[in-house]
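Before any comments, here is the structure.
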Amino acid sequence: MNEKACQPIGVFDSGAGGLSVLKALRAQLPDEKLVYVADQAHVPYGPRSLAEVRRFSEEITRFLLAQGVKLIVVACNTASAAALHHLRAVFPQISFVGMEPAVKPAAEYTHTGVVGVLATPATFQGELFASVVERFASHVTLLKHTCPGLVDQIEAGHLQDDPTRRILEEAIQPMLAQNVDTIVLGCTHYPFVIPLIRDIAGPQVRVIDPAPAVARQAGRLLDAQNLRRVPSQCVDAGPAVRFFTSGSPEKMQRLLPLLSVQPGPVEQLCWQGDRLITV
Ligand code: DGL
């Protein structure tokens with residue numbers, strides 16, 4: 001076993017959305033230790049400029065590297081759109097798994113030729129989205145919606161209430177009127193409202209959550225680099241997941257069970273200018 005294999009995997013998002021990816025990682029790679037960073041001081045990332053999100057992502061990556069992580073999962077479509085190329089160029093010593101809206105499987109699956117994509121404004125602006133559309137979806141009609149306010153609702157733990165339903169109805173009903181049969185969740189927060197999305201869209205519409213595919217890709221990268229953690233060969237240092245937030249640890253702590261994530265201690269991070277530090 002490679003000696004780095006005992007090290008944790010770093011995972012980050014603007015907030016709690018990346019926990020949808022963390023759950024898939026826990027399910028598929030149960031022997032791995034994880035370090036999760038939620039940049040809740042800056043959530044939502046979606047309405048921010050790509051340059052700003054790139055700055056945050058670079059500093060979070062520095063923090064994760066200082067924790068000794070062996071792989072970084074950018075569990076945020078917005079940060080991937082803004083920063084993935086940049087992070088790979090600036091930090092060649094580590095591999096990144098990023099996210100892009102799952103337009104390819106959607107374009108393969110659709111029978112009506114109409115695919116809905118729910119993602120943040122910054123994700124739609126990024127080159128990554130333009131490039132997946134050009135490569136895989138030039139023959140389908142893509143209906144995009146940014147679901148304003150939805151990330152905030154999910155951060156507040158309001159997964160089922162009326163305002164959340166209204167945001168989703170506004171996004172999905174016009175898509176249904178245009179015969180959509182596949183909806184891509186292009187933001188890692190949105191899998192937490194899948195029950196509501198299914199309720200509005202009905203059983204004939206397929207909803208694509210990319211989290212399991214992202215976890216599979218993380219597993220493939222670990223295998224390729226001989227970095228899978230073998231518990232019997234590692235000193236067991238601490239909890240399965242270390243959670244960090246630049247927002248309120250108490251709030252994050254309360255959110256974890258609402259999102260069906262096994263709770264654990266949440267540690268405080270602080271932005272000091274452009275630096276992210278522990279307190
Ligand atoms: N969860 C994120 C994403 O996948 C970010 C949402 C936000 O902060 O606006 O895009």
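These numbers come from a predicted model, not from an experiment.
- Expressed to the nearest 0.5 Å, how far CG of Asn179 lies from OG1 of Thr110 amounts to 8.5 Å.
- Counting only residues at least two apart or in different chains, side chain to side chain donor-acceptor pair (under 3.5 Å) contacts with residues 120-133 comprise Thr78-Thr120, Thr78-Thr123, Thr120-Thr123, Ser131-Arg135.
- When each of Val35, Val261, Val37 is paired with Phe243, the side-chain contact (heavy atoms from CB on, under 4.5 Å) condition holds for Val261 and for no other.
- Using a distance-only test at 3.5 Å, with no hydrogens or angles considered, no donor-acceptor pair links the side chain of Arg88 to the main chain of Ala83.
- There is no side-chain donor-acceptor pair under 3.5 Å between Arg275 and Gln272.
- Ring geometry for Phe244 versus Phe63: interplanar angle over 60°, hence perpendicular rather than tilted (30 to 60°).
- Rounding to the nearest 0.5 Å gives a distance of 11.0 Å between SG of Cys76 and CG of Leu84.
- Between Arg55 and Asp274 there is a salt bridge, since at least one side-chain N of the basic residue sits less than 4.0 Å from a carboxylate O of the acidic one.
- Salt bridge Glu32/Lys70: present, at least one basic N to carboxylate O contact under 4.0 Å.
- Side-chain N/O atoms of Ser246 and Gln40 include no donor and acceptor closer than 3.5 Å.
- Leu71 is not listed as a side-chain neighbour of Leu227, based on a closest heavy-atom distance of 4.5 Å or more.
- Ion pairing between Arg62 and Glu58 holds under the 4.0 Å rule for side-chain N and carboxylate O.
- Leu255 and Leu34 fall within the same hydrophobic cluster, defined by Ile, Leu, Val, Met, Phe, Trp and Tyr side-chain heavy atoms under 4.5 Å apart, directly or through other members.
- With salt bridges taken as basic N to acidic carboxylate O contacts below 4.0 Å, none links Asp181 and Arg206.
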Q | Intermediate values then yes/no, salt bridge (Lys or Arg N to Asp or Glu O under 4.0 Å), Arg228 and Asp223 | A | CA-CA 6 Å; Arg228 270 209 198 231; Asp223 287 338; 2.6 Å; yes
Could you pull out every donor-acceptor pair under 3.5 Å between side chains of residues 136-154 and any protein atom, sequence neighbours left out?
from   : atom 1 : to     : atom 2 : distance (Å)
His145 : ND1    : Cys147 : N      : 2.9
Gln153 : NE2    : Asp161 : OD1    : 3.3
Gln153 : NE2    : Thr164 : OG1    : 2.8

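- Judged by distance alone, the side chain of Asp39 and the main-chain N or O of Ser14 form no donor-acceptor pair under 3.5 Å.
- Checked against a 6.0 Å centroid threshold, the rings of Tyr45 and Phe56 count as neighbours.
- Enclosure of atom CD in Gln262 is not indicated, since only 12 or fewer non-hydrogen atoms of other residues, nucleotides or ligands lie within 6.0 angstrom.
- Counting heavy-atom neighbours within 6.0 Å of His85 NE2, excluding the residue itself, gives a total of 12 or less.
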